[in-house]
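Take a look at the structure below.
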Number of protein chains: 2
Amino acid sequence: MGKTPVMADVAKEAGVSHQTVSRVLNGHPNVRGETRTRVMAAIDKLGYRRNLTARALATRRSRTLGVVSFDTTLYGPASTVYGISQAARQAGYFVSIVSLKSIDRQHVRDAMAYLGDQGVDGIVVVAPQRAAAGVLADLPRGVPVVAVQGGGADGVPLVRVDHFEGGLAATRHLLELGHQTVWHVRGPTGWIEAEAREEGWRAALSAAGRRIPEPLQGDWSPAAGYRAGRILAEEGASAVFVSNDQMALGLLRAFTELGVDVPGRVSIVGFDDIPESEYFSPPLTTIRQDFAAVGRGSIEQLLRRIEGVETLPPLVVPPVLVVRGSTSGR
Amino acid sequence: MGKTPVMADVAKEAGVSHQTVSRVLNGHPNVRGETRTRVMAAIDKLGYRRNLTARALATRRSRTLGVVSFDTTLYGPASTVYGISQAARQAGYFVSIVSLKSIDRQHVRDAMAYLGDQGVDGIVVVAPQRAAAGVLADLPRGVPVVAVQGGGADGVPLVRVDHFEGGLAATRHLLELGHQTVWHVRGPTGWIEAEAREEGWRAALSAAGRRIPEPLQGDWSPAAGYRAGRILAEEGASAVFVSNDQMALGLLRAFTELGVDVPGRVSIVGFDDIPESEYFSPPLTTIRQDFAAVGRGSIEQLLRRIEGVETLPPLVVPPVLVVRGSTSGR
DNA sequence: CGAGGTATTGTTAGCGCTAACACATGGCGA
DNA sequence: TCGCCATGTGTTAGCGCTAACAATACCTCG
């Protein structure tokens with residue numbers, strides 16, 4: 001008949017028991033070569049595909065990993081999630097993604113419950129906000145979790161880019177070019193990476209014994225960068241480290257509008273290296289994050305965790321300074 | 001004991017049969033109110049959560065939808081997928097996403113098999129390339145499919161933005177500003193939306209009886225736009241319709257470098273309205289796509305399809321012209 | 001030549017849920 | 001009073017797979 005064949009059908013076709021079919025499918029060693037080929041032929045002939053739902057029920061393993069992320073239309077999260085899913089696929093896992101509009105405790109918890117119900121073997125939480133990190137404390141029943149780009153919690157392995165180091169490198173670069181001090185446009189409060197970048201900036205200035213100007217508050221958007229740019233133009237800033245590339249674009253726009261030459265009068269360093277940055281006017285000097293490495297690392301940590309390894313040191317991915325045309329010496 | 005409770009545990013706790021628990025959970029009408037509360041209390045007390053894998057096996061419905069998409073780090077696909085998953089969640093479905101690096105027949109087919117094995121109830125294919133559309137012809141066994149932003153196939157419902165109309169509107173806008181003709185930087189061959197935008201551009205020029213210049217070939221990247229920009233500067237183009245905003249950024253960069261004023265000497269219209277466009281220098285006039293509407297529409301069509309509705313007319317979402325600073329009159 | 005392996009296959013019993021039917025009640029009209 | 005039906009609940013069989021054990025056959029070695 002026309003319905004999809006099941007294992008029993010294959011078994012009958014090949015003249016063996018369904019269990020032998022299962023053995024062939026699972027690469028069990030103790031199957032005679034001749035039997036194996038016969039089963040394979042039957043599978044081919046019937047166009048059989050194994051029912052993974054039934055398999056998951058029987059094995060209590062779904063071979064599916066869950067990913068919880070915040071706003072996947074942003075370049076950073078999107079790239080991270082992409083890196084994660086590529087790595088998961090490579091490792092033979094399916095991926096189920098929940099993309100949240102806002103990260104508050106309740107939403108993250110719901111998302112994890114949602115994934116837990118679905119029977120995922122583990123969860124990667126892309127939780128760059130402090131609020132989300134808190135949720136990790138009350139883990140769902142027995143599902144291993146890895147936190148990415150965020151704050152860890154007790155017993156939750158962490159994978160992240162070294163944002164502190166990035167802030168440090170960006171600021172040092174500007175100081176080495178001869179700027180007296182470096183201003184900073186930071187990301188929204190509550191974002192761990194924003195805070196770490198700011199700390200790196202402060203550390204670099206402190207180490208060089210320079211004045212630390214009051215940082216300007218941003219929210220990642222170009223609009224916020226634009227506003228900050230207008231203020232900085234008035235302040236007569238000569239060097240600015242901006243916490244992401246989109247805001248840096250806003251600064252560029254503001255400076256262009258006001259006739260302030262970049263990098264002639266002001267040097268700017270961004271963060272992320274979005275694909276557009278290279279074609280800003282001028283091309284943006286920025287800090288590149290290796291999202292693929294973060295993805296691979298998080299899956300690796302998660303799989304280790306699933307296999308029962310207890311504590312894992314946080315995996316920290318180094319960022320890279322990419323020098324382009326938006327920075328120059330005094 | 002410490003293991004997760006199953007339905008039978010709840011039943012015992014509430015002093016009913018497991019089937020009654022099932023009835024309560026599924027909102028079956030014929031359950032006495034008092035029984036219902038007793039069961040609910042037991043569920044609460046034990047912290048019971050229903051095993052969706054078992055449910056899926058028994059019902060042969062997973063309440064999960066699959067999404068196949070191309071490069072979700074691009075703004076367009078990312079936004080589309082986001083819209084789709086929001087809409088799916090709203091409708092009470094889980095979403096499983098496969099993000100492909102390249103769309104060729106084989107990859108798309110693999111992805112669909114992968115999702116099919118996982119037992120999804122339906123699949124949304126974000127397939128903007130002609131090659132992908134071909135695959136839809138050989139559907140997987142009985143799983144409903146909806147195509148998004150791409151080319152349809154027989155019997156596959158389609159949801160897309162009206163790219164032709166977008167190209168038309170962009171070109172008309174430039175003609176109305178008094179430009180003699182409009183050049184075009186198109187997207188990569190094989191992309192249906194690129195072709196539709198180009199057709200819209202051609203149609204507008206034809207209708208106005210203007211010369212149709214040879215379109216320049218792009219690949220969506222700012223780098224391609226930059227190359228096109230250098231050529232167009234040489235050609236002395238006064239108006240350009242670029243098939244996406246990233247390439248338009250490349251053009252802006254090229255013109256800035258060459259000292260060609262935008263919009264003084266050249267007017268530019270992009271496509272997509274990425275978040276950055278508003279802060280380009282000058283802010284980019286572009287065609288906005290409503291990705292959320294596409295997402296909602298595709299889920300709606302897919303659910304209809306799952307419920308057995310046979311043929312559905314393609315859903316076409318109108319684009320919107322957003323006028324900013326990159327266009328002006330002659 | 002028989003005890004004790006070792007490959008190879010089959011049989012049985014679940015995984016946790018829902019569907020379908022069976023079985024009690026109790027109310028109502030004839 | 002009896003039969004009939006609606007209402008509520010329990011019982012039984014799966015869904016399609018794997019795990020665990022059982023049952024063969026075939027060796028090997030002393």
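Chain letters run A, B, ... following the sequence lines, proteins first, then strands; residues in each count from 1.
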Inset, instruction - Answer with yes or no whether the side chains of N26(A) and R50(A) bring together a donor and an acceptor at under 3.5 Å. - result: yes

Inset, instruction - With heavy atoms under 4.0 Å as the rule, sort N30(B) into base, sugar-phosphate or nothing. - result: base

Inset, instruction - Anything under 30° is parallel, anything over 60° is perpendicular, the rest tilted; go ahead and classify Y114(B) against F94(A). - result: tilted

Inset, instruction - Kindly compute the distance separating CD1 (I43(A)) from CG (D9(A)), expressed to the nearest 0.5 Å. - result: 12.0 Å

Inset, instruction - Compare the minimum distances between each of dG16(D), dA20(C), dT12(D) and the side chain of N51(A), then state the nucleotide with the smallest one. - result: dG16(D)

Inset, instruction - Mark yes when over 12 heavy atoms from residues, nucleotides or ligands other than Q90(A) sit less than 6.0 Å from its CD; otherwise mark no. - result: no

Inset, instruction - Find out whether V16(B) and T35(B) are in side-chain contact, i.e. whether some heavy atom of one side chain is under 4.5 Å from a heavy atom of the other. - result: yes

Inset, instruction - Strictly below 4.0 Å, heavy-atom distances to any atom of DNA chain C: list the hits from residues 8-17 of chain B, or just say none. - result: none

Inset, instruction - Report the distance from atom CE of M7(A) to atom P of dC15(D), rounded to the nearest whole Å. - result: 14 Å

Inset, instruction - Would you kindly give the NE2-to-P distance between H28(B) and dT18(C), to the nearest whole Å? - result: 12 Å

Legend entry - Strand contacts (DNA chain C) in residues 52-60 of chain A, 4.0 angstrom heavy-atom criterion: L57(A), A58(A), R60(A)

Inset, instruction - Give the rounded distance in Å between these two atoms: CG of L46(B) and P of dG16(C). - result: 14 Å

Inset, instruction - May I have the distance from L25(B) (atom CG) to dA19(C) (atom C1'), rounded to whole angstrom? - result: 16 Å

Inset, instruction - Would you check if I123(A) and V68(A) make a side-chain contact, meaning some heavy-atom pair closer than 4.5 Å? - result: yes

Inset, instruction - Calculate the interatomic distance between N26(B) atom CG and dA20(C) atom P; express it in whole Å. - result: 13 Å

Which side-chain N or O atoms in residues 72-79 of chain B pair as donor and acceptor under 3.5 Å with protein atoms at least two apart or in another chain?
{"unit_1": "T72(B)", "atom_1": "OG1", "unit_2": "S99(B)", "atom_2": "OG", "d": "2.7"}
{"unit_1": "T73(B)", "atom_1": "OG1", "unit_2": "D71(B)", "atom_2": "OD1", "d": "2.6"}
{"unit_1": "S79(B)", "atom_1": "OG", "unit_2": "Y75(B)", "atom_2": "O", "d": "2.8"}

Legend entry - Degree of bending in the helix from dC1(C)-dG30(D) to dA30(C)-dT1(D) once both end axes are built from five pairs, to 10°: 50°

Inset, instruction - Calculate the interatomic distance between R61(B) atom CZ and dC17(C) atom P; express it in whole Å. - result: 19 Å

Legend entry - Test: E34(A) and R38(A) ion pair at under 4.0 Å: yes

Legend entry - Test item: V95(B) and I84(B) side chains (from C-beta on) under 4.5 Å apart, heavy atoms: no

Inset, instruction - Would you indicate which nucleotide in dT12(D), dC17(D), dG10(C) comes nearest to any side-chain atom of Q19(A)? - result: dG10(C)

Inset, instruction - Report the distance from atom OH of Y48(A) to atom C1' of dG16(D), rounded to the nearest whole Å. - result: 7 Å

Legend entry - Contact residues, residues 31-41 of chain A to DNA chain C [heavy atom, < 4.0 Å]: V31(A), R32(A), T35(A)

Legend entry - Heavy-atom side-chain proximity of P318(B) to D162(B) below 4.5 angstrom: no

Inset, instruction - With DNA chain D as reference, determine whether P29(B) or V6(A) sits nearer its 5' end, using the nearest nucleotide of each. - result: P29(B)

Legend entry - ring-ring contact (aromatic ring centres under 6.0 Å, His included) partners of residues 15-69 of chain A, not counting sequence neighbours, each pair once: none

Legend entry - Minimum side-chain heavy-atom gap I299(B)-L65(B) below 4.5 Å: yes

Inset, instruction - Rounded to the nearest angstrom, tell me the gap between atom NE2 in H18(A) and atom P in dG14(D). - result: 15 Å

Legend entry - Passing option when Q149(B) is tested against Q289(B), E193(B), R160(B) for side-chain hydrogen bond (donor to acceptor under 3.5 Å, both in side chains): Q289(B)

Legend entry - From CA spacing to verdict: salt bridge (Lys or Arg N to Asp or Glu O under 4.0 Å), E300(A), R304(A): CA-CA 6 Å; E300(A) 199 176 310; R304(A) 286 260 180 76; 3.7 Å; yes

